[in-house]
K.L.:
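Take a look at this one; I'll ask things after.
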Amino acid sequence: GVDSDYMQDGRVFTEYRAGGTSPAGTLLGERQAEAALGLRNLWTLGEGVRANTSFERVKVISGAKDNEAIALTGAIEVSRHPTWTGNARLELRHGEDSDGLLSTLGLAYKIDESWTFLGKNTLAATRSKGAGTTLRLTELLQSGVAYRALESIGVTGLAKYEYKLERDDGPANLKRAVHAVSMNANWQMRRDTVVSARYAAKIALDRSNGLSTRTVSHLVGGRVTHEINEDWDIGATAQVLLDRDTRGRQYAAGLEAGYQLKKNMWVSAGYNFMGFAERDLAGADATAKGAYVRMRMKFDENTLQGLLSGDLLK
């Protein structure tokens, strides 16, 4: 793709996208190929108030025409107040096969030097077209408080409540709601060693396909990470999942090694010798048996300040 400035804080971009697999002996033209044209703009509405708008038009060159679409996005961020920041984003998509909406709302409120309230709501809706018009709706509400010790070595934590809703009136006939709570804590006992603990619980109500089920589960986990030197660290994890309804108990345990790609950014590879599957409580942890790769970043509001400024668009 190619992009360039067409005005101050405004960019125009064009992209060529190709994907899919074609049978032996066929050309690239048999695969899915698309051309996208769009605009991205940053608007400064006042001190600490910024807005972003974008437009994208996707034209199918080869392949299924269902992927042709027009998308409009608008977002606003308010960071002028010393104790709170908020943002809102709305994306509308009109396609040949479906119409979609994606909306996000976020709020961070600084209670004091150590405590911060965090809240976010994400809503996505897709309506398919054709003979069998269907609507798929997903919503995720998250709210909680974060604690950060003022000392460089100490305890950090996050307590969170989540409400997840999934509905699909198509052939899947999906109707599922989940209430979940979780608590995470990190204790840096030494400069080279961090101990992490996590507890999570959920109540899941599933009324899909005319059936009604209720599930109550608990997850308890721990991790120890030790820095070998400036760039390498090793870790061990252990987790247990308890299901009250089936009175089942499943375990996950493994080892991992991490490498610091750049300051405050690590990539880790590990292997779980035993594991389980849990779609709602696992979070960012790998619980399935086998090998996995994960990436970690450490950042705060000062780290992201440059990314949010208009200097990157000039």
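Fair warning: this is a prediction, and the values are worked out from it, not measured in the lab. Just the heavy atoms: all of them, side chains too, but no hydrogens, waters or symmetry mates, feed the values below. Residues take their numbers from the sequence shown, with the count starting at 1.
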K.L.:
Atom CG of L137 and atom CZ of R127: how far apart are they, to the nearest 0.5 Å?
P.N.:
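Here the interatomic distance stands at 10.5 Å.
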
K.L.:
According to a 4.5 Å side-chain heavy-atom criterion applied to Ile, Leu, Val, Met, Phe, Trp and Tyr, with indirect links allowed, do Y16 and F13 form part of one hydrophobic cluster?
P.N.:
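Result: no, two separate clusters.
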
K.L.:
V145 and L118: same hydrophobic cluster, using ILVMFWY side-chain contacts below 4.5 Å?
P.N.:
no

K.L.:
Considering only heavy atoms from C-beta outward, does the side chain of L101 approach that of L90 to under 4.5 Å?
P.N.:
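L101 vs L90: side chains touch.
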
K.L.:
Counting distance only, does the side-chain N/O of Q260 pair as donor-acceptor with the main-chain N or O of E230 below 3.5 Å?
P.N.:
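A pair under 3.5 Å: yes.
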
K.L.:
I need the I234 CD1 to H226 NE2 distance, nearest 0.5 Å.
P.N.:
6.0 Å

K.L.:
Show the nearest heavy-atom pair for residues D112 and K110, with the distance to one decimal.
P.N.:
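Reported closest heavy-atom pair: O-CG, 3.3 Å.
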
K.L.:
Starting from Y199, can I reach L158 by hopping between I/L/V/M/F/W/Y residues whose side chains sit under 4.5 Å apart?
P.N.:
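In one cluster: no.
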
K.L.:
Applying side-chain hydrogen bond (donor to acceptor under 3.5 Å, both in side chains) between E278 and each of Q250, Q239, K202, report the one that passes.
P.N.:
K202

K.L.:
Compare every heavy atom of S182 with every heavy atom of R198, then report the nearest pair and how far apart it is.
P.N.:
NH2-CB, 4.2 Å

K.L.:
Side-chain heavy atoms nearer than 4.5 Å, only ILVMFWY residues, links allowed to pass through others: does that put Y259 and M295 together?
P.N.:
yes

K.L.:
Hey, does F55 have a side-chain heavy atom less than 4.5 Å from the side chain of N41?
P.N.:
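Side-chain contact under 4.5 Å: no.
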
K.L.:
Group every Ile, Leu, Val, Met, Phe, Trp and Tyr by side-chain heavy-atom contacts under 4.5 Å, then state whether Y147 and Y109 land in the same group.
P.N.:
yes

K.L.:
Would you say N173 and S208 are linked by a side-chain donor-acceptor pair, where the criterion is simply a distance under 3.5 Å?
P.N.:
no

K.L.:
Do T215 and D243 come within less than 4.5 Å of each other through their side chains, counting heavy atoms only?
P.N.:
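Yes - at least one pair of side-chain heavy atoms lies under 4.5 Å apart.
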
K.L.:
Any salt bridge linking K164 with E139? Criterion: basic side-chain nitrogen under 4.0 Å from a carboxylate oxygen.
P.N.:
no

K.L.:
Are the side chains of K59 and E68 in touch, meaning some heavy atoms are under 4.5 Å apart?
P.N.:
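In short, these two side chains touch, coming nearer than 4.5 Å.
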
K.L.:
Tell me the closest heavy-atom pair linking A159 and M183, and the distance in Å.
P.N.:
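A159 and M183 have their closest heavy atoms at CB-CG, 4.2 Å.
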
K.L.:
So do V60 and E96 actually touch side chain to side chain, heavy atoms under 4.5 Å?
P.N.:
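Not in contact.
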
K.L.:
Output yes when a side-chain donor or acceptor of D206 lies under 3.5 Å from a complementary backbone atom of T213, and no otherwise.
P.N.:
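Side chain of D206 to backbone of T213: no pair is present.
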
K.L.:
Spell out, as yes or no, whether a donor-acceptor pair under 3.5 Å connects the side chain of N186 to the backbone of V194.
P.N.:
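Side chain of N186 to backbone of V194: no pair is present.
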
K.L.:
What verdict does the side chain to side chain contact (heavy atoms under 4.5 Å, CB included) test give for R136 and L174, after you've listed the backbone C-alpha separation in whole Å, the side-chain angles of each residue and the deciding distance to 0.1 Å?
P.N.:
CA-CA 9 Å; R136 178 171 178 83; L174 177 65; 3.7 Å; yes

K.L.:
Please check: side-chain N/O of T287 versus main-chain N/O of F276, any donor-acceptor pairing under 3.5 Å?
P.N.:
yes

K.L.:
How close do Y292 and A286 get, counting heavy atoms only, and between which atoms?
P.N.:
CG-CB, 3.6 Å

K.L.:
Looking at every non-hydrogen atom in both residues, tell me the closest pair between T156 and A149 and how far apart they are.
P.N.:
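Residues T156 and A149, closest heavy atoms: CG2-N, 4.2 Å.
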
K.L.:
Do you know which of D97, T134, D99 makes side-chain hydrogen bond (donor to acceptor under 3.5 Å, both in side chains) with S128?
P.N.:
T134

K.L.:
Considering non-hydrogen atoms only, spot the tightest contact between A177 and L165 and give its length.
P.N.:
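Scanning both residues completely, I find the closest heavy atoms to be CB-CD1, 4.3 Å.
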
K.L.:
Could you check whether atom CZ of R223 has more than 12 heavy atoms from other residues, nucleotides or ligands sitting under 6.0 Å from it?
P.N.:
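Yes - once you tally the heavy atoms of other residues, nucleotides and ligands closer than 6.0 Å, there are more than 12.
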
K.L.:
Could you tell me whether R40 atom CZ has more than 12 heavy atoms of other residues or ligands within 6.0 Å of it?
P.N.:
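No.
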
K.L.:
I'd like to know whether D168 forms a side chain to side chain contact (heavy atoms under 4.5 Å, CB included) with T138, so could you lay out the CA-CA distance, the side-chain angles of the two residues, the decisive distance to 0.1 Å, and finally the verdict.
P.N.:
CA-CA 9 Å; D168 189 338; T138 60; over 6 Å; no

K.L.:
Measure the spacing between CD of E77 and CZ of R89 and express it to the nearest 0.5 Å.
P.N.:
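CZ of R89 is found 13.0 Å from CD of E77.
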
K.L.:
Taking the side chain as everything from C-beta on, heavy atoms only, tell me whether L241 gets closer than 4.5 Å to S217.
P.N.:
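In short, these two side chains touch, coming nearer than 4.5 Å.
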
K.L.:
As a quick check of understanding, evaluate side chain to side chain contact (heavy atoms under 4.5 Å, CB included) for V178 and R279, giving each step before the final call.
P.N.:
CA-CA 11 Å; V178 178; R279 58 184 296 187; over 6 Å; no

K.L.:
Can you tell me if W187 has over 12 outside heavy atoms packed within less than 6.0 Å of its CH2?
P.N.:
no

K.L.:
Is there a side-chain contact between F117 and S143 in this structure, where contact means two heavy atoms from C-beta onward sitting under 4.5 Å apart?
P.N.:
yes

K.L.:
Going by heavy atoms in the side chains, are S54 and N52 under 4.5 Å from each other?
P.N.:
no

K.L.:
Using 0.5 Å steps for rounding, measure from the CZ atom of R190 to the CD atom of E227.
P.N.:
10.5 Å

K.L.:
Within the side chain of N121, is there an N or O that forms a donor-acceptor pair under 3.5 Å with the backbone of L105?
P.N.:
no

K.L.:
Verify whether the ring centers belonging to F273 and Y271 lie closer than 6.0 Å.
P.N.:
yes

K.L.:
Starting at CG of N209, measure out to NZ of K175 and round the result to the nearest 0.5 Å.
P.N.:
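Nearest 0.5 Å value for the CG-NZ distance: 10.0 Å.
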
K.L.:
Thinking salt bridges, do E91 and R93 make one under a 4.0 Å N-O criterion?
P.N.:
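Result for this pair is no, no salt bridge flagged.
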
K.L.:
Let's go through R167 and D169 carefully: what are the C-alpha distance in whole Å and the side-chain angles of both, what is the deciding distance for side chain to side chain contact (heavy atoms under 4.5 Å, CB included) to 0.1 Å, and is it a yes or a no?
P.N.:
CA-CA 7 Å; R167 290 183 54 191; D169 59 7; 5.9 Å; no

K.L.:
Once rounded to the nearest 0.5 Å, what's the spacing between atom CG of L281 and atom NE2 of H218?
P.N.:
9.5 Å

